[in-house]
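Let me begin by presenting the structure, written as structure tokens, before commenting on it.
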Amino acid sequence: MEEDFKNLTLEFTDDGAIAIITMNRPKALNALNSETLQELGAALEACLEPPETMALIITGGGEKAFIAGADISEFKGIETAFEGREAALGGQDAMSSIAAMPIPTIAAINGFALGGGLELALACDLRVASPNAKMGLPEVGLGLIPGYGGTQRLPRLIGEARALDLILTARHVGAEEALSMGLVNRVADNALLEAEQLARSIIKNAPVALGLAKEAVRRGLTGTLNDGLELEADLFGLVSSSKDMKEGVAAFLEKRKPVFQGE
Ligand code: DAK
């Protein structure tokens, strides 16, 4: 199954388990203009429609870029602080929609992931990079600051000092350095293929538990340790009432593979 938009494509693997969004504006190295951000929102909703969708991968079309940033040609139209704030909130909404997806999300970074492109990858749960990937937040070189969540998600992921190194120098890092700083989870010759394998290794686990584990980590990071521990206990209570949990435990005790229903 494939759904077409103007600036991206949405496809599903043959079994329907993995949705793949491919950003597709090759002339602008897949830069995110407002139309693309709108389409992305619609694609995120569409990829959850088939009930069998269990994971989402986002990648870039073409050889060269994942996403080379927000579309710089649209910055010209921003004159006032109000317009700038609105633009940032619009982009942040799109990234937050990715972060809030109830299924695991993986960015397959197959080239440049700069500015808004890296911010999109940061909104995903996991990141796989190809050896030619180049990542960075070059905004200060353009007289801007990151506006699609980068100043908040990057330090939470790799720590304040490393994040400030990338944000203040505006430099690009390659795949190996990104791996060493925890910016990406894996480096592989074929980032998309690796992302698919990673998704498969995740979705063999209990769907209810996956959703709740993701929620515990994501929501827990926004509060204190004690708040997070309380949240974990609450969600542990919730997962304990799932059929998936009963099936997982029974399968272990009966020495067989579990068959999860996502209930
Ligand atoms: N936007 C628009 N077009 C872009 C683009 C971008 N971000 N990146 C590349 N392109 C276009 C180029 O203009 C060129 O178009 P033509 O000249 O062929 O028409 C085409 O893509 C191919 O690019 P190059 O010819 O430059 O290709 P190279 O291989 O030589 O260089 C490059 C690749 C990725 C190093 C280079 O294209 C580059 O530096 N691109 C810009 C990277 C960048 O600075 N990205 C933006 C980061 S800032 C905000 C909210 C969010 C943000 C900002 C404000 N507010 C709410 C106000 C976020 C900002 C960013 O993302």
Side-chain angles (χ1 to χ4, degrees), residues 5-9 21-41 44 58-100 107-124 127 129-158 162-178 183-184 187 191:
F5 295 85
K6 189 172 152 205
N7 302 296
L8 55 86
T9 58
I21 292 177
T22 304
M23 309 310 293
N24 193 18
R25 286 188 77 213
K27 282 186 190 152
L29 302 185
N30 303 327
L32 299 170
N33 60 4
S34 28
E35 185 180 56
T36 307
L37 285 174
Q38 271 175 12
E39 289 188 357
L40 181 61
L44 292 173
I58 302 180
T59 193
E63 296 291 299
K64 213 165 155 182
F66 173 67
I67 298 167
D71 191 315
I72 298 173
S73 65
E74 288 192 346
F75 298 172
K76 280 196 314 251
I78 297 176
E79 302 274 341
T80 66
F82 178 78
E83 287 166 350
R85 186 170 186 278
E86 289 299 301
L89 289 174
Q92 284 179 5
D93 274 356
M95 305 310 152
S96 295
S97 302
I98 296 172
I109 304 173
N110 55 315
F112 290 107
L114 302 174
L118 181 59
E119 290 171 301
L120 187 148
L122 290 170
C124 294
R127 285 149 293 280
S130 59
N132 69 330
K134 292 269 181 252
M135 288 151 271
L137 292 177
E139 283 87 343
V140 294
L142 293 163
L144 295 161
I145 67 169
Y148 290 173
T151 64
Q152 303 307 305
R153 291 201 172 93
L154 188 63
R156 281 171 172 76
L157 183 68
I158 64 173
R162 285 174 170 152
L164 281 171
D165 172 355
L166 294 192
I167 292 169
L168 299 182
T169 64
R171 72 190 176 92
H172 297 176
V173 292
E176 287 304 328
E177 186 178 356
L183 179 54
V184 301
V187 177

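Please read these numbers as outputs of a predicted model, since none were measured by experiment. Order of appearance sets the numbers: ligands from 1, and atoms from 1 within every ligand.
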Student check: side-chain heavy atoms of Leu137 and Ile167 closer than 4.5 Å
yes
Donor-acceptor pair, distance only, cut-off 3.5 Å: does the side chain of Arg127 make one with the backbone of Ala121?
yes
Can any side-chain N or O of Glu119 pair as donor or acceptor with the backbone N or O of Gly150 at less than 3.5 Å?
yes
Keeping the roles fixed (side chain from Glu39, backbone from Phe5), state whether a donor-acceptor pair exists under 3.5 Å.
no
Cut-off 3.5 Å, no hydrogens considered: what does the side-chain donor-acceptor table look like for residues 25-37, sequence neighbours left out?
unit_1 : atom_1 : unit_2 : atom_2 : d
Arg25  : NH1    : Ala31  : O      : 2.8
Arg25  : NH1    : Asp71  : OD2    : 2.8
Arg25  : NH2    : Asp71  : OD2    : 3.2
Asn30  : OD1    : Arg25  : N      : 2.8
Asn30  : ND2    : Gly61  : O      : 3.1
Asn30  : ND2    : Ala65  : O      : 3.1
Asn30  : ND2    : Phe66  : O      : 3.1
Asn33  : OD1    : Thr36  : N      : 2.8
Asn33  : OD1    : Thr36  : OG1    : 2.4
Ser34  : OG     : Glu74  : OE1    : 3.3
Ser34  : OG     : Glu74  : OE2    : 3.0
Glu35  : OE1    : Lys6   : NZ     : 3.1
Glu35  : OE1    : Asn7   : ND2    : 3.0

I need the single residue from Leu120, Leu8, Thr22, Ile109 that forms a side chain to side chain contact (heavy atoms under 4.5 Å, CB included) with Ile58. Which is it?
Leu120
For ligand 1, the residues whose heavy atoms come within less than 4.0 Å (ordered by chain, then number)
Lys27, Ala28, Leu29, Ala31, Lys64, Ala68, Gly69, Ala70, Asp71, Ile72, Phe75, Ile78, Gly84, Ala87, Ala88, Phe112, Leu114, Gly115, Gly116, Pro138, Glu139, Leu142, Leu144, Gly147, Tyr148
